[in-house]
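Data block below; observations after.
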Amino acid sequence: MADIIQLLPDAIANQIAAGEVIQRPASVVKELLENAIDAGSTSVKLIIKDAGRTLIQVIDNGCGMTETDARMAFERHATSKIRKSDDLFAIRTMGFRGEALASIAAIAQVELKSRQQVNDLGTRILIERSEVQSQEPCQCATGTSISVKNLFYNVPARRNFLKSNTVEMRHVLDEFQRLAIANPDVFFSLHHNNTEMFHLPPGNLRQRIIGIFGANTNKKLVPVNEATDDLKLEGFAGKPEFAKKTRGEQLFFVNNRFIKSGYLNHAVMSAYEGVLPPDTFPLYVIFIDINPKLIDINVHPTKQEIKFEDEKLVYHILKVAVRHALAQHSVMPTLDFDQDSNFSNVRIPPSPPTSAPTVETYPSRASLGGQAAKPSGSTGSSGGGSVDDRRRHQDNLKHWEKLYEGLEAFDEDEDGETEELIVASAANETVDAVTIESQWETTEQEQKGHKTEKPPYQIHQRYIVSQIKSGFVLIDQQAAHERILYEEFQRILQEQKASSQRLLFPATITLPPADATLLTDIRAEINQLGFDIQDFGPNAFVINAVPAELGEQKNTTTLIEGLLEQYKNNLTLQLDVRDNIAAAMAKSAAIRTGQRLTEVEMKSLINRLFACTQPYRSPGGKSCFITFELEELGKRFGS
């Protein structure tokens, strides 16, 4: 039988490696920027066209390469970073495998110019499909300039899998921002389609974070610093009140290398326990400096996952450091051991004047829901009693007020019956929405003219209870409003018949460069909803009008910021731009949990929800309502 195992040609082997190393334009950006940093550059310029499809160019002022090194750089496993296997466990550079340039040259048209400072001429190399087309001396500046053109031009299947320019550019920005933050002492600039998006002069870490995330970030930062014999922690954590509903500005760096770690993220989130609003994510940028021998970074092609020799130690040090930083800056709540926390929110009655005798009083019958309340064995005391006696009586009064607090809200109805107590039961999500709507309307009609009509009401300003013929419906007010707004915004975008309300005082908003670019890309579609957003300088916009459905009920700048956050969060869902905008706008503009609604507002919400084409779930997939059947409740009570 003939031999069937053969060595693959270099071109094919390089394309296979490229599939692991180069997945999208952002992968090329990461590799080229890391090479520029490893070359000792103090200035790095990134030029992008068409989100990296047409051109990715990195220009640095690093050490440059000789003629031989420039040619060898494109060979597989050719590197200057390691020499022996032991070097793998003492890596301080960004790259070390020697696969990046060979992989890029296999799937793109590459031009490299490089010159060392001691040489008068540099070297120019053109490579396509791993084949050197030309190599010649050239005149160029000290350092290296490498251009990657027409990415995946010879792998059309891979090119077809690329997402939209907005999505791909978002990934490019993520890689650029991570490396810029990791190297604040290096000048970075980014140009996209001949427009400068970032201009980051050298500075300290705080200045670099502000330069990337915007000037408003400065007030959000809390310094984190901790040093032990095993590792050193430094960076910044965000104040809880500025936490966002979406992830994004959460960065870990180990030895200046960006990593992803759910384990370390859990440590930080544990440090925020008790002070972070629910379903929100704080900002943090934390650097961990550790002996390279105690970690292994050679576990994934992207080098964004690492293994620690002692993960639990890193976890606890990180958690303690963040919690300590928040406490030092009065972010964490303080404990007062001299105060009973059970009664800390009760108003303390003023002390009686010492000049005239007073009689200790107790809550009236009205304040206790119609029942007299006086502690057994207690008697009135005169103002001549001791200070301790008066304080004890005041404490007793506070305790009784707390015990009966809120009972006055439980008024009896016209028939003398108290409000019904709703007991939670299993949800039945299979009931047809049309049936629920008809039952609710029938019940409302039957109740007209009867004094026992039960209007919808809220539970904890989060859910709406509405009685229907077969039982009752429990509606999530935020999810329901999101569904309503989502379908309204979809209809507006389709019909392009939006109504606007002009703002009496136009609002201005300044965004980080990445968000400003995103808003520019989708501004036409947003304006179709009824906004009037115009340019107002670099990374700044003026909002002249908002959709008439919203009026001026919300902070306009917060609304736009929330819209952009939701839009970025939905980019991975491969939604159409209009669907994404409608979903993001609905999420940003919907009423929130904790917002009190009037009876009219609740009825309007119910009517509009069941008029939707798909009232069952919100755009994010959350149930809008669940039903409770009387028969089911009866079974729960054993009847």
Side-chain angles (χ1 to χ4, degrees), residues 26-27 29-30 33-34 37 91-96 170-171 173-186 204-206 208-213 217 220-228 230-240 242-244 246-273 276 280-326 514 568:
S27 305
V29 170
K30 174 181 179 294
L33 289 179
E34 287 181 349
I37 297 300
I91 294 173
R92 286 285 185 179
T93 56
M94 297 291 101
F96 58 88
R170 185 68 201 174
H171 287 286
L173 289 173
D174 287 342
E175 296 294 349
F176 175 83
Q177 291 173 354
R178 292 164 184 169
L179 281 160
I181 290 175
N183 301 275
D185 56 336
V186 178
N204 57 38
L205 179 58
R206 179 185 284 268
R208 181 55 53 89
I209 293 174
I210 294 171
I212 289 178
F213 295 133
T217 309
K220 306 176 184 178
L221 302 179
V222 174
V224 177
N225 289 284
E226 193 72 39
T228 69
D230 299 294
L231 57 84
K232 178 182 178 183
L233 285 175
E234 62 178 349
F236 294 93
K239 296 180 181 178
F242 297 106
K244 296 184 177 181
T246 56
R247 299 181 187 270
E249 300 167 355
Q250 297 182 328
L251 304 172
F252 283 117
F253 298 88
V254 175
N255 295 345
N256 269 27
R257 182 191 304 277
F258 170 78
I259 68 164
K260 295 179 180 179
S261 174
Y263 188 68
L264 296 184
N265 176 72
H266 187 273
V268 175
M269 298 303 290
S270 298
Y272 279 90
E273 186 176 1
L276 197 66
T280 57
F281 305 95
L283 173 152
Y284 59 77
V285 179
I286 296 178
F287 287 77
I288 303 175
D289 190 53
I290 189 171
N291 189 333
K293 295 182 179 180
L294 301 179
I295 60 175
D296 183 6
I297 62 176
N298 194 23
V299 296
H300 193 274
T302 63
K303 301 187 284 288
Q304 291 183 356
E305 298 178 12
I306 69 173
K307 290 184 178 180
F308 292 92
E309 186 176 275
D310 191 345
E311 284 189 330
K312 291 184 178 180
L313 176 65
V314 179
Y315 181 97
H316 289 296
I317 293 177
L318 178 59
K319 178 179 177 179
V320 171
V322 174
R323 180 170 285 271
H324 180 65
L326 295 176
K568 289 185 289 185

Taking side chain as C-beta onward, heavy atoms only, is [X] less than 4.5 Å from [Y]?
| X | Y | value |
| --- | --- | --- |
| Ile286 | Val322 | yes |
| Lys293 | Glu309 | no |
| Leu276 | Pro240 | yes |
| Phe258 | Leu179 | no |

**Request:** Report the C-alpha distance between Leu33 and Ile37 in whole Å, list the side-chain angles of each, state the deciding distance to 0.1 Å, and finish with yes or no for side-chain contact (heavy atoms from CB on, under 4.5 Å).
**Result:** CA-CA 6 Å; Leu33 289 179; Ile37 297 300; 5.5 Å; no
Reported [atom1]-to-[atom2] distance for the pair [X] and [Y], which is rounded to 0.5 angstrom:
| X | Y | atom1 | atom2 | result |
| --- | --- | --- | --- | --- |
| Asp310 | His316 | CG | NE2 | 9.0 Å |
| Ile288 | Glu234 | CD1 | CD | 11.0 Å |
| Leu264 | Lys319 | CG | NZ | 13.5 Å |
| Glu311 | Ile295 | CD | CD1 | 12.0 Å |
| Leu283 | Lys239 | CG | NZ | 12.0 Å |
| Gln177 | Phe213 | CD | CZ | 5.5 Å |

Considering non-hydrogen atoms only, spot the tightest contact between [X] and [Y] and give its length.
| X | Y | answer |
| --- | --- | --- |
| Pro282 | Met269 | CD-SD, 3.6 Å |
| Leu318 | Leu233 | CA-CD1, 3.6 Å |
| Ile181 | Arg208 | CA-CG, 3.8 Å |
| Val224 | Ala325 | CG2-CB, 3.8 Å |
| Ser270 | Tyr315 | OG-OH, 3.3 Å |
| Phe308 | Ile290 | CD2-CD1, 4.2 Å |

**ring pair (Phe, Tyr, Trp, His ring centres under 6.0 Å) partners of Tyr284, counting only residues at least two apart** =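 In terms of ring pair (Phe, Tyr, Trp, His ring centres under 6.0 Å), with neighbours along the sequence ignored, Tyr284 is linked to Phe252.
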**Message:** So, using ring pair (Phe, Tyr, Trp, His ring centres under 6.0 Å) as the criterion, who are the partners of Phe242 when residues are at least two apart?
**Reply:**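 Testing Phe242 for ring pair (Phe, Tyr, Trp, His ring centres under 6.0 Å), a comparison that skips the adjacent residues, returns none.
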**Message:** Would the distance check show the side chain of Asn255 and the main-chain N or O of Arg257 forming a donor-acceptor pair, the cut-off being under 3.5 Å?
**Reply:**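 A pair under 3.5 Å: no.
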**Request:** Can you sort out the partners of Glu249 under side chain to side chain donor-acceptor pair (under 3.5 Å), two or more places apart, ordered by chain and number?
**Result:**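 Only Lys244 meet the side chain to side chain donor-acceptor pair (under 3.5 Å) criterion with Glu249.
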